[in-house]
There are 2 protein chains.
Amino acid sequence: MRQISPYISVDCVLFGYNGSELEVLIVDRTLKDDNSDELIINDRTLTGNHVYEDETIEDAAYRVLFDLTGLDSVFLEQFKTFANPDRLKRPNDQLWLQRTNRNPDARIVTVGFYSLVATDKVKLIWKGRNVNWVPVKEVGELAFDHNEILQEALKTLRLRIKYEPITFELLPEKFTLTQLQNVYEAIWGIELDKRNFRKKIARMKYLITLDEKQTGVAHKPARLYVFSREVYTKTKKELFDFTI
Amino acid sequence: MRQISPYISVDCVLFGYNGSELEVLIVDRTLKDDNSDELIINDRTLTGNHVYEDETIEDAAYRVLFDLTGLDSVFLEQFKTFANPDRLKRPNDQLWLQRTNRNPDARIVTVGFYSLVATDKVKLIWKGRNVNWVPVKEVGELAFDHNEILQEALKTLRLRIKYEPITFELLPEKFTLTQLQNVYEAIWGIELDKRNFRKKIARMKYLITLDEKQTGVAHKPARLYVFSREVYTKTKKELFDFTI
DNA sequence: TCAAAAGTGTTTCAGATACACCCATGT
DNA sequence: ACATGGGTGTATCTGAAACACTTTTGA
């Protein structure tokens with residue numbers, strides 16, 4: 001029996017893209033009163049879990065994602081660690097810890113990871129809990145310190161896509177340039193000029209044009225593209241270009 | 001008596017700048033054999049410490065730095081967490097943990113912070129251990145996983161100075177443009193063109209030109225500048241400019 | 001034939017790059 | 001007087017921004 005670390009957890013901010021908005025995976029947290037069957041907790045959290053004593057935190061995060069999505073090669077990156085001694089001290093959180101057989105007084109350090117998947121790749125099941133994609137803009141109050149974790153993940157994502165071609169992770173394997181542009185727009189919450197966007201994209205050698213086109217759309221079908229990690233790895237500059 | 005968390009530590013990568021090279025603070029780790037007085041451990045580490053149970057990790061990192069430097073308002077930023085189950089399992093590290101009354105089998109998660117100070121501001125004392133500034137290029141093998149921690153800190157620093165005016169933290173309050181340029185060069189390990197550097201700097205409103213000049217130098221004395229955090233905060237763009 | 005998104009080129013402006021000489025000071 | 005680093009301007013190129021029309025498909 002693998003030993004669980006009572007002090008270390010990971011939380012995964014799983015971002016998805018549904019074709020128009022940036023979404024995040026949110027799970028419902030409900031608890032019924034033993035006698036009355038009344039809901040005494042009914043709120044929402046990100047996904048996370050404790051880490052096994054002999055497991056790296058990266059593996060733990062992959063495990064959470066695999067349990068959740070069945071996917072085993074998603075993009076995953078650590079972004080920040082949350083360890084405030086009060087982070088689990090709100091009444092509902094204390095109650096939840098008690099009822100799930102954990103020590104509510106323990107100080108749990110959680111390492112935040114964020115992940116990117118195409119929303120439609122994911123079938124949602126997680127430990128019998130109700131799991132939903134929620135547009136980032138519509139996420140209300142979350143349990144624990146999960147609103148803070150989400151905001152930090154978003155901040156990291158917004159910065160990271162400036163340097164690294166990871167936006168593809170939010171799209172199907174074959175995608176159109178408009179879809180790609182929409183991903184940037186959804187993450188940054190701004191609009192980009194189509195022609196300028198395409199000029200910039202044209203410089204990225206790792207975006208491979210396919211001989212295929214969209215089908216079944218009621219307008220001129222768009223060309224499809226794929227991301228070539230191989231070309232990217234070969235051509236990427238040493239870390240980034242140095243200009244102050 | 002404050003309770004120490006046996007599972008959470010912070011490690012601080014304290015960067016300094018000596019006028020020509022980027023340096024990092026390194027402490028000697030020595031252990032004598034009880035009988036023979038022979039050194040059985042004689043290697044080097046970064047600075048770090050355990051966290052108190054009621055203390056935030058940021059406060060713990062500030063505490064480490066304060067103990068080390070007497071400075072209480074240094075730049076400090078969390079950059080990554082290291083939690084590999086094997087990270088403290090090398091023989092010297094196991095021995096060290098035993099001799100310093102810690103459980104060598106415990107899994108210790110360490111949160112990495114990096115800090116920036118002007119080297120000459122710091123008087124070096126730390127728990128009776130020998131502390132030295134070492135040029136980053138000349139740091140040899142370190143104990144624990146500290147080489148990895150240092151490399152990650154450096155990577156973060158190299159990226160961060162592209163977005164945020166934190167290079168000033170490595171200089172005296174009043175500095176010359178050449179010193180500032182040298183800081184960028186030292187961190188990135190490249191050379192920059194003097195005239196182009198100054199043109200770029202001229203656009204940064206938060207760099208205030210003083211009416212003072214260098215004294216005691218055997219050449220045309222340079223003008224002195226200060227960084228104005230106030231102007232920076234007022235004029236900085238929302239997070240960063242959005243271009244893909 | 002209409003609605004919808006795809007796809008495309010030019011002009012203007014800002015910033016990046018490359019490059020060489022005179023100036024003020026201490027010794 | 002000389003050695004040392006300070007300080008400055010211009011020309012060229014590359015990328016960013018602004019902007020409108022034709023094309024292809026399904027309904």
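Between B:Thr178 and the phosphate of D:dG6, there is a side-chain N or O to OP1/OP2 separation shorter than 4.0 Å. Proximity of B:Arg223 to the phosphate of D:dG7: no side-chain N or O atom is located under 4.0 Å from OP1 or OP2. Proximity of B:Lys200 to the phosphate of C:dA16: a side-chain N or O atom is located under 4.0 Å from OP1 or OP2.
One interatomic measurement links the two molecules: CZ of A:Arg198 to C1' of C:dG9, which rounds to 14 Å at whole-angstrom precision. Rounding to whole angstrom units, CD1 of residue A:Ile201 and C1' of C:dG7 are separated by 15 Å. For the pair A:Leu192 CG and D:dA18 C1', the interatomic distance rounds to 14 Å; values are reported in whole Å. Summarising the geometry, the separation between CG on A:Asn182 and P on C:dA5 is reported as 10 Å, rounded to the nearest angstrom. A straight line from CD of B:Glu191 to P of C:dT17 spans 15 Å, rounded to a whole angstrom. Taking atom NZ of residue A:Lys220 and atom P of nucleotide D:dT25, one finds them 8 Å apart after rounding to whole Å. Look at CZ on A:Phe197: it is 17 Å from P on D:dG15, rounded to the nearest Å. Atoms CD (A:Gln179) and P (C:dA5) sit 13 Å apart, rounded to a whole Å.
Residues A:Tyr114 and A:Phe75 bring their aromatic ring centres within 6.0 Å.
Where A:Arg203 and A:Gly216 meet DNA chain D, the nucleotide closest to each residue was compared, and A:Arg203 sits on the side nearer the 5' end. Ranked by how close their nearest DNA chain C nucleotide is to the 5' end, A:Gln214 and A:Ala218 are led by A:Ala218. Comparing A:Val217 and A:Arg195 along DNA chain D, the residue whose closest nucleotide (by nearest heavy atom) sits nearer the 5' end is A:Arg195.
If you check the side chains of B:Asn18 and B:Thr119, you find no donor sitting under 3.5 Å from an acceptor. No donor-acceptor contact under 3.5 angstrom links the side chains of B:Thr167 and B:Arg160, judged on distance only.
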TODO: Using the side chain to side chain contact (heavy atoms under 4.5 Å, CB included) rule, take A:Val10 and A:Gln78 through it: C-alpha gap first, then chi angles, then the decisive distance, then the call.
DONE: CA-CA 9 Å; A:Val10 293; A:Gln78 188 196 132; over 6 Å; no

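Residues B:Phe113 and B:Ile57 have side chains in contact (heavy-atom distance under 4.5 Å, counting atoms from C-beta outward).
Not a single donor-acceptor contact under 3.5 angstrom links the side-chain atoms of A:Asp193 to the base of D:dA16.
Closest approach to the B:Lys199 side chain among D:dT23, C:dT17, D:dA18 is made by C:dT17 (side chain taken as heavy atoms from C-beta onward).
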